[in-house]
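All heavy atoms count here, side chains included; hydrogens, waters and symmetry mates do not.
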Amino acid sequence: MRKIGTALLVVVAAATLTACTAQDDAPTPTPSASSTGPIYPDLDQFTPAPEGLIDEDSGETHGPRPVPTWDDESRESATAAAVAVMTAYARPDLPFEEWWAGLQPLLDNKATQDYAYMDPTRIVATTITGPAVITDDTSAYVAFVDVPTNAGTYGVVLSRADADSPWLAGRFILPEGVN
C-alpha cells in the first residue's frame, strides 16, 4: 500500500510540474473585438426590404418616406392647419358629438385620446382674430404656432410623419390666465 501511495504522489507531482511550465506552442491571446469598440454589421450583406409592401394590419404602405423641410409651402400648410384646428376647437356652442366630429380628424393619436372626454362648453375662445404665426420651427416635423382668438393667443403644437403627411394637432396651449 505504501508503494501505491508513493507512486501516486510521484504522478501527481509530475502532472503539477508539467502544468506549471510554459509551452512554446501556445497561441498568444488576442484582444476580443468588444474591447476595441462597437462592432457594426456590414449592411451590404443584407437584402433590403422590398418597397411598396402593404402592412396587413394597418393597410399602410411601407417604403422610404420623404423627409420634410421648411419651405414656403410647409409654413403655409402649418399655419393653415393651426387655424383649421383652432377653428374646430373654438366652438363651445356645439354639442359634444358635433364638436368632436369636426375636431378629431385634425388631431394626432395622442391628442385624440387626451381630448376625447373634454367638455367643449369650457372653451372660452369662439373666434380667430388674426393670422397664425409659427413661433418655433426647430424641427421640420414639429411646429409651434400661435393663433390669436377673442380669448387670447392659443398655442397649437402640430406634427407630421413625413413631407407628404398632413399637419396634425397634438396639443392646445391655453392663453395665460385661461383655465
Side-chain angles (χ1 to χ4, degrees), residues 38-41 43-44 46-179:
I39 298 173
Y40 297 104
L43 297 180
D44 293 333
F46 298 107
T47 305
E51 292 184 23
L53 289 180
I54 298 176
D55 184 297
E56 56 190 49
D57 294 328
S58 68
E60 292 182 8
T61 303
H62 293 281
R65 293 183 171 201
V67 176
T69 58
W70 279 115
D71 55 14
D72 290 341
E73 184 180 336
S74 290
R75 291 178 188 289
E76 288 173 20
S77 65
T79 55
V83 168
V85 75
M86 196 61 217
T87 300
Y89 176 81
R91 298 185 307 167
D93 56 326
L94 294 180
F96 175 82
E97 291 78 20
E98 190 176 340
W99 174 79
W100 187 243
L103 179 64
Q104 191 276 326
L106 306 174
L107 303 177
D108 66 18
N109 290 338
K110 179 78 169 94
T112 296
Q113 294 172 8
D114 292 345
Y115 294 100
Y117 301 101
M118 184 173 174
D119 180 3
T121 62
R122 297 193 55 189
I123 300 169
V124 294
T126 57
T127 57
I128 308 295
T129 59
V133 176
I134 297 172
T135 58
D136 186 350
D137 60 0
T138 306
S139 168
Y141 291 93
V142 179
F144 290 80
V145 183
D146 281 352
V147 181
T149 71
N150 63 318
T153 300
Y154 276 74
V156 179
V157 181
L158 302 169
S159 64
R160 59 185 173 174
D162 57 50
D164 293 338
S165 296
W167 288 102
L168 297 175
R171 180 73 46 214
F172 296 95
I173 302 168
L174 303 177
E176 196 161 325
V178 174
N179 294 343

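- Taking every heavy atom of both residues into account, D108 and G170 meet most closely at OD2-CA, 3.3 Å.
- Closest heavy-atom contact between A125 and M86: CB-CE, 4.4 Å.
- Atom-to-atom distance recorded for E98:CD and D93:CG is 8.5 Å, nearest 0.5 angstrom.
- Closest heavy-atom contact between P68 and A140: O-CB, 3.4 Å.
- When all heavy atoms of P66 and D164 are compared, the pair lying nearest together is CG-OD2, 3.1 Å.
- Among residues at least two apart or in separate chains, ring-ring contact (aromatic ring centres under 6.0 Å, His included) pairs with a member in residues 156-179 are W70-W167, Y89-F172, Y115-F172.
- Between the side chain of S74 and the backbone N or O of T69, at least one donor-acceptor pair lies under 3.5 Å.
- Between F96 and W100, the ring-plane angle classifies as parallel under the 30° and 60° cut-offs.
- Screening residues 139-155 for side-chain hydrogen bond (donor to acceptor under 3.5 Å, both in side chains), with sequence neighbours left out, gives T126-N150.
- The salt bridge (Lys or Arg N to Asp or Glu O under 4.0 Å) contacts involving residues 70-89 comprise R75-D137, where partners must be two or more places apart or lie in separate chains.
- Distance check: L94 CG to L103 CG gives 11.0 Å after rounding to the nearest 0.5 Å.
- With sequence neighbours left out, the ring pair (Phe, Tyr, Trp, His ring centres under 6.0 Å) criterion links F144 to no other residue.
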**OP:** Test T112 against N109 for side-chain hydrogen bond (donor to acceptor under 3.5 Å, both in side chains), laying out the working first.
**Re:** CA-CA 5 Å; T112 296; N109 290 338; 5.2 Å; no

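- Scored by the salt bridge (charged side-chain N to carboxylate O under 4.0 Å, His left out) test, D136 finds no partners at all (sequence neighbours excluded).
- Separation of atoms CG (L106) and CG (L168) is listed at 7.5 Å; rounding is to 0.5 Å.
- Of all non-hydrogen atoms in A143 and A78, the two that sit nearest each other are CB-CB, 4.3 Å.
- One distance of note links CZ of R91 with OG1 of T121; it measures 14.5 Å at 0.5 Å rounding.
- For A169 against A111, the heavy-atom pair with the smallest separation is O-CB, 3.4 Å.
- For D114, the salt bridge (charged side-chain N to carboxylate O under 4.0 Å, His left out) partners are K110, R171, not counting sequence neighbours.
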